Amino acid sequence: MIVTGFCLVLLSMAVAPAVRAQTDAPAPRKTYGVNKEHIEQQAAEKAQPSMLSMYIKMNLSDDSLLHRFYFVLYMLMPFAILGISLWIEVTGGWGDSRKLFMLGLSEFVFGVGNAGMGAGVYPWFCDFDIVGWIVTIICFCYMLRMLVKQAGVLIGFVNGQSGGELTKKVLYILIYIGVAVTMTMLLSAKPYFWLAPIVVGAAWYYLYRNECMGDSTAATRMLVNTGVMFGGFIIFFLQVIGLILIVALTLFFLKGFASIKTSPLADESGSMGGDGELERAADGTPFVRHRDGSMTQLRDRGDGSFEGLDGTPWKDSGSGHLFR
C-alpha cells in the first residue's frame, strides 16, 4: 500500500508540469489573410499621376521650343491674372489705371499663349477633365465676375470719351477689338499677322488727330495704355466666350426641362384626366367640376369645345374630362 501511494505521488509530480504548461499556454491568435491584390491596386492608384501633371508633362515634352514657350505662358499667366485681380479687389483699385494696365497686360500675355497653343474653348483652369468639377466651377464664377467688372470699366471709358455719340462709341469699341485681335495674331504668329501694323497705325492716327490735338507723344501713350488695358480684356473675353455660351445654354436647357409640367391630360392615377370633369345642369348649362369640389360655369361653343365666362378656352379630352 505504501509502495502504491509512493508511486502515485511520483506520477502526479511528473504529470503536473505538463498539465500546468497546457493550461497556462495562451490561446492561439486568429490570423487573417492579406489581400495583396487590393493593396497593390491602392498603391498603383496613389502612384498614378494626376491629369494636370500628365497634361503639363505632355506639352513640355513637345519638340517645338515655340510650343513650349506658349504653353508656359498659357499655364502661368492665369496665376498672375488671379493675383492682380485680387489685389485690385482688396484695394478697391478698379478705378486705378496702372493696376488695370497690369491686369490687361497679364490677360494679353495669356491670350498670346492661348492662341499659340491653339487651345479649345476650355482654358485649362476651367477644364473639368484637368482640374475637376469643383475647381472648374469656382474658377468660372470668379472669371465671370472679373470680366463683368472690366466690361464696366470699358463702357465707362468709352462713354466718357465719346461724349454720348453712338458713332464714336462704336468706333472706340472697334479700335480696341482690332488692336486686341491683330496684336494677338502678330505675337502668336497666326495668319493675317501683317494686319497688326495697319490697325495699330490707324488707331494711333485717329487718336492723334481727334483726341490728342496733334500731340504724337500723348497719342502714343493713350494708345499703349488703353490698348493694353482694354485689349487684354477683350482678347481674354473672346477666348472664353465659347465657354460662357456653353454654360449659358446648359443652364437655359436645364431651366427649360425643370419648368416642363406634367401633361394636363394625366391625373395622379395615370389615367386620362384634366382640370376637372364635365357636368351639366338641368337646363343643359355645362360646368366643370374641379378635383377640390369647386365648379366653374362654361359656355358651349357648339363645336365640341367650351369657354369660361372670362373667355378662357376649355377642351374636352373625349372622356368627359376638360382641360385648359
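Please read all numbers here as calculations on a predicted model, not as lab measurements.
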| query | Does a sphere of radius 6.0 Å around CE in M58 hold more than 12 heavy atoms from other residues, nucleotides or ligands, not counting ones at 6.0 Å or beyond? | reply | yes
| Can you find a heavy atom in the side chain of T184 that is under 4.5 Å from one in the side chain of K190? | no
| query | Does I137 belong to the same Ile/Leu/Val/Met/Phe/Trp/Tyr cluster as L82, with side-chain heavy atoms less than 4.5 Å apart forming each link? | reply | no
| message | Rounded at 0.5 Å granularity, tell me how far CG in L187 sits from OH in Y70. | response | 7.5 Å
| query | Going by heavy atoms in the side chains, are Q239 and P123 under 4.5 Å from each other? | reply | no
| said: With heavy-atom distances below 4.5 Å as the criterion, would you say the side chains of N210 and K168 are in contact? | reply: no
| task | Kindly state whether the ring of F230 and the ring of F237 have centres lying under 6.0 angstrom apart. | result | no
| request: Verify the cluster assignment for L171 and Y208: are they in a single hydrophobic cluster under the rule of side-chain heavy atoms below 4.5 Å apart? | output: yes
| Residue pair L100 / V153: nearest heavy atoms and the distance that separates them | CD1-CG1, 3.7 Å
| request: Calculate, to the nearest 0.5 Å, the distance between atoms CZ and CH2 belonging to R209 and W204 respectively. | output: 10.5 Å
| task | Kindly indicate, with the supporting measurements, whether the criterion ring pair (Phe, Tyr, Trp, His ring centres under 6.0 Å) is fulfilled by F140 and Y122. | result | CA-CA 10 Å; F140 177 80; Y122 296 105; 9.8 Å; no
| task | Please name the pair of heavy atoms, one in E107 and one in G232, separated by the smallest distance, quoted to 0.1 Å. | result | CB-O, 3.4 Å
| query | Does any donor atom in the side chain of E211 or Y172 lie under 3.5 Å from an acceptor atom in the other side chain? | reply | yes
| query | What orientation do H67 and F71 show, parallel under 30°, tilted 30 to 60°, or perpendicular over 60°? | reply | parallel
| Single-linkage hydrophobic cluster L105~V240, side-chain heavy atoms < 4.5 angstrom | yes
| query | Is it the case that Q150 and W94 place a side-chain donor and acceptor less than 3.5 Å from each other? | reply | no
| remark: Closest non-hydrogen atoms of I235 and V181, given as atom of the first, atom of the second and distance, are CD1-CA, 4.3 Å
| remark: Tightest non-hydrogen contact, residues P78 and L73, listed as CD-O, 4.2 Å
| query | Counting distance only, does the side-chain N/O of N225 pair as donor-acceptor with the main-chain N or O of R221 below 3.5 Å? | reply | yes
| request: Would you check if there is a donor-acceptor pair between the side chains of Y176 and T226 at a distance under 3.5 Å? | output: yes
| task | Without swapping roles, check the side chain of Y74 against the backbone of W124 for a donor-acceptor pair under 3.5 Å. | result | yes
| request: Identify the two heavy atoms, one from M146 and one from S85, that lie closest to each other, and give their separation to 0.1 Å. | output: SD-CB, 3.7 Å
| note | Separation between CZ (F69) and CG (L66), nearest 0.5 Å, reads 7.5 Å
| said: If you count heavy atoms of other groups shown closer than 6.0 angstrom to CZ of F193, is the number above 12? | reply: no
| task | Assess the side chains of T91 and K99: does a donor N or O sit below 3.5 Å from an acceptor N or O? | result | yes
| Atom pair OH (Y206) and SG (C212), whose distance is rounded to the nearest 0.5 Å | 10.5 Å
| Do you know which two heavy atoms are closest between M183 and A196, and how far apart they sit? | SD-CB, 4.1 Å
| Joint hydrophobic cluster, I173 plus I155, side-chain heavy atoms closer than 4.5 Å | no
| Just how far is it from atom CE of M143 to atom OG1 of T136, taken to the nearest 0.5 Å? | 10.5 Å
| Validation row: W87, M102 side chains within 4.5 angstrom (heavy atoms) | yes
| message | For R68, I'd like to know if atom CZ has over 12 heavy atoms of other residues, nucleotides or ligands within 6.0 Å. | response | yes
| message | Just checking F128: does its CZ atom have more than 12 heavy atoms from other residues, nucleotides or ligands closer to it than 6.0 angstrom? | response | yes
| said: With clusters defined by side-chain heavy atoms of hydrophobic residues (ILVMFWY) lying less than 4.5 Å apart, directly or transitively, does Y142 cluster with L144? | reply: no
| field | Spatial distance of atom CG (L52) from atom CG (D129) [nearest 0.5 Å] | value | 12.0 Å
| More than 12 heavy atoms from other groups under 6.0 Å of CG on L249 | yes
